[in-house]
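Only one structure is covered here, and it is reproduced in the block below.
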Amino acid sequence: MKVATDIGGTFTDLVAIDQSGNLILEKAHTTPPNFDQGVMDVLEKSGIDPKGIEAFFHGTTTIINALTERKGAKTALITTKGFRDILELARGNRPDLFNMVFKKPEPFVPRYLRREVEERVSYKGDVITPLKEEDIIEAVEYLKKEGVTAIAVCYINSYANEDHERKTVEKIKELWPEVYVCPSVDITKEWREYERTSTAVLNAYVMPVASSYIDRLDQRLNEAGVSEKRYIMQSNGGTTTFEQTKLTPVNIVESGPVGGVFGASILGKILGEENLISLDIGGTTAKCSLIDQGEVKVTTSYYIEKTERSAGYPIMAPVVDIVEIGNGGGSIAWIDEAGSLKVGPKSAGALPGPVAYGLGGMEPTTTDANLIAGRLSADNFEMEVSLDQVRKALVDKVGNAFEINAEEAAESIIRVADSNMNNALKLISVRRGYDPRDFAMVVSGGGGPMHGPTLAKELNIRKVIVPVGASVFSAWGMLMSDIRHDFIQTRILPFLDVPIDELNSMWETLIEEGNKKFGEEGVTKDQGVFTFIADMRYMGQEHTVQVMAPPYPWSEEDRAEILERFHKTHKHFYTFSLPDTPAEIVNLHLVAHGKLSKTSLPEIPKHQGDLSTAQKESRRVFYSDSGWLETPIFERDKLGYGFKAQGPLIVEEPTSATVVCPEQSLTVDKYGNLIIEMEVEQ
């Protein structure tokens with residue numbers, strides 16, 4: 001049996017697959033700050049024998065929580081002489097141009113903990129100033145006195161020559177073995193000194209937290225008798241080992257959400273849908289991503305805490321391109337100073353949770369609104385729900401401000417939440433030149449099936465896919481993932497003039513690194529698969545586009561093909577190309593996949609009987625466009641392959657509910673996925 005667990009803001013999810021492809025799905029409450037307890041709770045609740053687990057996959061919010069809550073280590077920075085203030089200088093671009101009191105985000109490392117070392121390397125990798133060891137010794141002595149527990153090392157142009165950073169780390173470990181040390185080249189060999197420095201600092205900041213958490217979870221899994229094959233989901237859509245994660249924890253900053261995106265791409269390939277929008281609505285956030293021609297978009301331009309008013313903090317590590325907003329089932333509805341209704345980003349979380357949970361929550365949430373709107377049934381909650389208490393909270397916190405009743409307050413909350421999610425979906429589709437009519441949507445999380453069909457109707461998306469176990473789909477995606485590492489090397493070269501042998505030599509170095517990493521992780525040669533990407537731009541441009549390149553070794557014929565692909569890719573994203581302008585290669589990007597064995601999806605029996613055999617009840621339900629309608633309620637467990645029905649209808653399961661709008665139709669495919677379709681406007 002293979003098992004995946006995914007820690008979310010509200011619930012910890014589990015998906016297990018046995019050798020026959022049968023699924024076991026379970027949820028338990030997340031247990032902050034001891035998140036490992038939630039993992040053990042959901043394992044126990046599932047009834048799985050830990051000794052029968054062949055491979056264990058894990059996704060966690062521990063790292064992003066430590067960053068956003070500022071609960072990392074006291075961290076220092078050692079950098080090149082003259083670059084001490086790079087974290088404060090940052091970038092000159094301001095997200096809020098007309099804010100006269102704009103303030104740059106506070107650096108994670110205060111100035112008194114940033115130390116300089118005399119050394120200098122050119123952008124070509126040549127040593128201009130040798131490394132001065134005395135400066136390292138002096139810095140370590142000072143930082144010891146200051147009680148630092150983690151040190152980031154980032155030298156200017158170290159991406160071109162890592163020798164000075166490596167020697168510095170060796171010296172620090174010799175002088176101070178107990179301290180956590182992170183050289184920037186362990187995470188990225190891409191240029192841009194501010195982004196590299198920020199990434200190294202954030203990684204060092206969470207290294208002690210990650211090590212402590214992973215060691216605790218590791219020990220508890222050992223005690224339970226779980227197999228030694230243990231993997232953690234990375235932000236790039238692949239997995240890595242527990243040990244590697246302790247060295248580069250910043251690579252799992254979006255560990256949980258990317259499981260759902262990767263799972264959507266795998267499911268799309270099985271169902272013959274290569275153009276997909278993934279929408280995952282959990283208890284705390286809504287995450288969406290776009291999959292173009294089966295390819296999950298990965299970027300190294302990722303920020304935490306970036307908003308309309310804050311520049312945020314860059315992380316130059318490969319991350320699946322996700323737009324995430326603070327709108328989930330636990331998002332709290334509130335009235336702002338201007339008297340407008342808002343939903344999120346603050347969440348009721350696992351404790352106290354929505355008012356419906358009966359655990360002391362007093363603030364109305366999206367879940368409470370869906371309950372009063374008839375989309376959720378009180379019978380489906382684990383605890384006894386007091387509808388009177390939920391109505392009272394809706395009226396007290398929202399209704400009284402607008403002189404409306406509980407049902408009208410619930411309608412308003414749902415409309416605002418849908419509007420927030422609609423804007424997020426537009427950010428990854430319409431605003432990037434993609435037509436939503438060309439895509440199907442995979443909805444997951446507890447709230448995805450509830451809100452997804454309505455959002456699809458608003459965006460003219462023709463098909464919505466609700467997978468089996470939608471509420472724990474991110475964990476299922478982890479079970480379908482492979483080991484993945486990204487190796488990126490910056491080298492700015494004129495594409496038509498650089499010798500092919502020079503480019504192939506660079507690929508050889510990256511492939512050697514990939515094979516070395518695979519060797520450390522026990523990945524055999526047969527399991528290793530490499531994908532080649534070139535980051536290219538026109539001469540005079542600042543930023544690049546990703547071009548999928550032919551495999552190594554390149555030939556002169558490949559050069560022409562790569563150039564043609566670059567022109568086409570640039571035109572797709574920016575509506576124009578410049579065939580007469582010289583092109584440059586900026587980065588070579590090697591994606592190393594270690595293929596893991598997977599289980600195929602099991603098929604379900606055909607549906608027997610008419611619609612009434614699966615109907616549970618009928619009740620009034622609110623729909624954003626149609627108002628309140630009498631709606632048949634079906635049980636998902638009773639829907640077989642080939643089941644068909646016309647909306648409006650709701651399909652209930654223990655951890656979610658699928659709300660099909662009046663204009664939409666529902667069918668069940670041979671794997672048990674719910675397929676919701678509608679005619680789209682052309």
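- With sequence neighbours left out, the side-chain hydrogen bond (donor to acceptor under 3.5 Å, both in side chains) criterion links Glu407 to Arg391.
- You'll find the side chain of Asp321 stays beyond 4.5 Å of the side chain of Val298, heavy atoms only.
- The pair Glu274-Lys269 fails the salt-bridge criterion, with no side-chain N (NZ, NE, NH1 or NH2) lying under 4.0 Å from an Asp/Glu carboxylate O.
- Every residue was checked against the ring-ring contact (aromatic ring centres under 6.0 Å, His included) condition with Tyr671, not counting sequence neighbours, and none meets it.
- The side-chain hydrogen bond (donor to acceptor under 3.5 Å, both in side chains) check on Gln615 picks up nothing, with sequence neighbours excluded.
- The pair Glu106-Arg70 does not count as a salt bridge, with every side-chain nitrogen at least 4.0 angstrom from each carboxylate oxygen.
- A donor-acceptor pair under 3.5 Å links the side-chain atoms of Ser255 to the main chain of Met233, judged by distance alone.
- Taking 4.5 Å as the limit, every side-chain heavy atom of Lys287 sits out of range of all side-chain heavy atoms of Ile281.
- Formation of a donor-acceptor pair under 3.5 Å by the Gln664 side chain with backbone atoms of Cys661 is found in this model.
- The side-chain hydrogen bond (donor to acceptor under 3.5 Å, both in side chains) test applied to Asp610 returns Ser612, not counting sequence neighbours.
- Salt-bridge annotation for Glu273 and Lys463: present, with a side-chain N of the basic residue lying under 4.0 Å from a carboxylate O of the acidic one.
- Judged by distance alone, the side chains of Asn420 and Asn327 do bring a donor and an acceptor atom under 3.5 Å apart.
- No side-chain N or O of Ser289 forms a donor-acceptor pair with one of Ser278 less than 3.5 Å apart.
- Lys638 is linked by a side chain to side chain contact (heavy atoms under 4.5 Å, CB included) to Ala614, Glu635, counting only residues two or more places apart in sequence or in another chain.
- Evaluation of the ring pair (Phe, Tyr, Trp, His ring centres under 6.0 Å) test over residues 643-670, restricted to residues two or more places apart or in two chains, returns His607-Phe643, Phe634-Phe643.
- Contacts of Tyr623 classified as ring-ring contact (aromatic ring centres under 6.0 Å, His included), with partners at least two apart in sequence or in another chain: none.
- Applying the salt bridge (charged side-chain N to carboxylate O under 4.0 Å, His left out) test to Arg431 and every residue at least two apart in sequence or in another chain returns nothing.
- By the ring-ring contact (aromatic ring centres under 6.0 Å, His included) test, Tyr434 pairs with Phe439, His572, sequence neighbours left out.
- Sparse packing is recorded around CE of Met362, with 12 or fewer heavy atoms of other residues, nucleotides or ligands lying under 6.0 Å away.
- Panel note: side chain Arg619, backbone Gly374; a donor-acceptor pair is recorded below 3.5 Å.
- Side chains of Glu630 and Ser618: a donor-acceptor N/O pair is present below 3.5 angstrom, by distance only.
- A 6.0 Å sphere centred on CD of Gln37 holds more than 12 heavy atoms belonging to other residues, nucleotides or ligands.
- Salt-bridge check for Arg462 with Glu677: failed, with every basic side-chain N at 4.0 Å or more from each acidic carboxylate O.
- Applying the side chain to side chain contact (heavy atoms under 4.5 Å, CB included) rule to Asp368 yields the partners Pro354, Val355, Ala356, Thr365, Val390; only residues at least two apart in sequence or on another chain are considered.
- In terms of modelled atom types and a separation under 3.5 Å, the side chain of Asp6 and the main chain of His58 share no donor-acceptor contact.
- No donor-acceptor pair closer than 3.5 Å links the side chain of Arg94 to the backbone N or O of Phe102.
- No donor-acceptor pair closer than 3.5 Å links the side chain of Ser471 to the backbone N or O of Gly446.
- No option in Asn370, Thr366, Asn422 other than Asn370 meets the side-chain hydrogen bond (donor to acceptor under 3.5 Å, both in side chains) test with His451.
- In this structure, the side chain of Thr31 engages the main chain of Gly38 through a donor-acceptor pair within 3.5 Å.
- Checking side-chain atoms of Glu69 against main-chain N and O of Ala66 turns up no donor-acceptor pair under 3.5 Å.
- Evaluation of the side chain to side chain contact (heavy atoms under 4.5 Å, CB included) rule for Ser265 yields Phe262, Ile291, Val296 as partners, not counting sequence neighbours.
- A salt bridge between Glu363 and Lys397 is present, with a side-chain N of the basic residue lying under 4.0 Å from a carboxylate O of the acidic one.
- Remark: Phe622 pairs with Trp628 by the ring-ring contact (aromatic ring centres under 6.0 Å, His included) rule, at least two apart or across chains.
- A 4.5 Å side-chain heavy-atom check between Thr300 and Val319 finds every atom pair outside the cut-off.
- Residues Tyr213 and Phe35 have side chains in contact (heavy-atom distance under 4.5 Å, counting atoms from C-beta outward).
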